[in-house]
Number of protein chains: 2
Amino acid sequence: MNIGQAARATGISAKMIRYYESIGLIPAAVRTEAGYRVYGPTEIHMLRFIKRARSLGFSVEQMQHLLALWRDRDRASAEVKAVALEHIAELRAKIAELEGMVQTLQQLADCCHGDDRPDCPILEDLAASDEELSRPEIKDPI
Amino acid sequence: MNIGQAARATGISAKMIRYYESIGLIPAAVRTEAGYRVYGPTEIHMLRFIKRARSLGFSVEQMQHLLALWRDRDRASAEVKAVALEHIAELRAKIAELEGMVQTLQQLADCCHGDDRPDCPILEDLAASDEELSRPEIKDPI
DNA sequence: GTTGACCTTCCCATGGTTGGAAGGCGCATA
DNA sequence: TATGCGCCTTCCAACCATGGGAAGGTCAAC
């Protein structure tokens, strides 16, 4: 299997397969005499593992860890679970951050007429953050 | 006001203030004879606007737009609202994506014993995506 | 033998931010 | 006046994951 065929078979672009190889996420592929990378079922399986892990938002670093655990037939499932739980916590933190933004923005947007007049609570909010920002600056010179 | 003082007054790092200037988000600062950037109340206000917008997740490009509308005293609030609503939609899409990941991962983690045995539904899921991926590949050669 | 689709490596760009190096100011203190 | 410290300046590089493209080699079909 060529890199292009492997790409179509896994949904990972050829560019990314080369990249994953270059950073050591996957071992260097066997080459033909002409220098073409060759992929067998084992490599395809690993690439699909990576594809799935990426689709769940795992970073390359976390995938390094997961792949190592996958290869280790004697791993403790607790270790895998720990990686997953850590990632879940990161995702939830990110979600909470984004939801905070949405809540604020939605409130502001709800208060905005959205007509051809210039009065706009959204811009007023963005422009009026002087109080919260300047006060602590004064009373908090470490 | 120096760039360092402006940074402390706004919560934006000096590095980022220079960066915002370099990409044209803010106009080039007035300089002292020695080449030091000088910031007055107007610039501080603008930087605080930017700080607030960034904290709400607006991109630099969106901030370009918002700053232009802010400067235009005759803007239609509808235009501001449109920028905000577009951004809200982006945030919601991102949240939905992350929530999908969390849901899948949480289910897998719930099924994982998390002990010292090697059996792990999480790794099994990551490794078992062959069916969904390879079948459509065969019946879908365009 | 030519063509077209593939492969190779290499460099560059993205976005937003941080880090560091090398050299120039400004001010306080000895 | 000299020294030192902290600030400023510019430039260059890195992060993460991905895409784009150029220049050149290879393979297979016709």
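Sequence lines set the chain letters: A, B, ... in the order given, protein chains first and strands last, and positions in each chain run from 1.
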> I would like to know whether B:His65 and B:Trp70 meet ring-ring contact (aromatic ring centres under 6.0 Å, His included); could you show each step before the answer?
CA-CA 9 Å; B:His65 200 167; B:Trp70 188 38; over 10 Å; no
> Can you tell me if B:Gln62 uses its side chain to pair, donor with acceptor, with the backbone of B:Ser59 under 3.5 Å?
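Yes; judged by distance alone, with no hydrogens or angles, the pair exists.
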> So, the side chain of B:Asn2 versus the backbone of B:Gly4: is there a donor-acceptor pair under 3.5 Å, distance only?
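Side chain of B:Asn2 to backbone of B:Gly4: no pair is present.
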> Is a side-chain donor or acceptor of B:Glu43 paired with a backbone partner of B:Gly40 at a separation under 3.5 angstrom?
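Indeed, once roles are kept as given, a pair shorter than 3.5 Å links the two residues.
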> Please work out if A:Thr32 contacts a base, only the sugar-phosphate, or nothing of the nucleic acid, heavy-atom cut-off 4.0 Å.
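No contact at all - A:Thr32 keeps every heavy atom at 4.0 Å or more from the nucleic acid.
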> Given atom CD of A:Glu21 and atom C1' of D:dA17, what is their separation to the nearest angstrom?
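Going from CD in A:Glu21 over to C1' in D:dA17 covers 17 Å.
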> Going by number, which of residues 83-94 of chain A have a non-hydrogen atom under 4.0 Å from DNA chain C?
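Close to the strand, none.
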> Report the distance from atom CD1 of A:Ile50 to atom P of D:dA17, rounded to the nearest whole Å.
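Between P of D:dA17 and CD1 of A:Ile50: 12 Å.
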> Do side-chain atoms of A:Arg37 reach the backbone of A:Ile3 as a donor and acceptor pair under 3.5 angstrom?
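Absent.
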> From C-beta outward on B:Tyr19, which listed nucleotide comes closest to its side chain: D:dG19, D:dA17, C:dG16?
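For the B:Tyr19 side chain, the nearest candidate turns out to be C:dG16.
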> Taking only Lys NZ, Arg NE, NH1 and NH2, and the carboxylate oxygens of Asp or Glu, determine whether A:Glu97 and A:Lys94 approach each other closer than 4.0 Å.
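Yes, charged N to carboxylate O under 4.0 Å.
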> Does OP1 or OP2 of D:dG19 have a side-chain N or O of A:Ser13 closer than 4.0 Å?
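Yes, within the criterion.
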> Is it true that a side-chain atom of A:Arg92 and a backbone atom of A:Ala96 form a donor plus acceptor pair closer than 3.5 Å?
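No; zero donor-acceptor contacts below 3.5 Å.
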> How would nucleotides 3-9 of chain C be written as a contact map, 5' to 3', with B for base contact, S for sugar-phosphate-only contact and - for no contact, using protein heavy atoms under 4.0 Å?
---BSBB
> Rounded off to whole Å, could you give me the NZ-to-P distance for the A:Lys51 and D:dA17 pair?
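Between P of D:dA17 and NZ of A:Lys51: 14 Å.
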> Does A:Lys51 use its side chain to pair, donor to acceptor, with the backbone of A:Gly11 at less than 3.5 Å?
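Looks like yes, one N/O pair under 3.5 Å.
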> Which whole-number value in Å describes the distance from B:Met16 CE to C:dG19 P?
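Result: 12 Å.
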> B:Glu33 CD to D:dT9 P: how many Å, rounded?
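After rounding, the gap between these two atoms is 15 Å.
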> Specify the separation, in whole Å, of atom CZ of A:Arg54 and atom C1' of D:dT18.
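After rounding, the reported distance stands at 9 Å.
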> So which protein nitrogen or oxygen atoms get under 3.5 Å of nucleotides 2-5 of chain D's nitrogens or oxygens?
none

> Taking B:Arg54 for its side chain and B:Phe58 for its backbone only, find out whether a donor-acceptor pair lies under 3.5 Å.
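Flag set: sc B:Arg54 to bb B:Phe58 pair under 3.5 Å.
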> Once you round it to whole Å, what is the distance between C1' of C:dT17 and CD1 of B:Ile23?
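Whole-Å distance recorded here is 11 Å.
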> To the nearest angstrom, how far is B:Gln64 atom CD from C:dG16 atom P?
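Value for this atom pair: 10 Å.
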> Just wondering, do A:Val38 and A:Arg31 contact through their side chains at under 4.5 Å, heavy atoms?
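The answer is no; the side chains never approach within 4.5 Å.
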> Is the backbone N or O of A:Gly114 less than 3.5 Å from a side-chain atom of B:Ser77, with the two atoms forming a donor-acceptor pair by type?
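Between the backbone of A:Gly114 and the side chain of B:Ser77 there is a qualifying donor-acceptor contact (under 3.5 Å).
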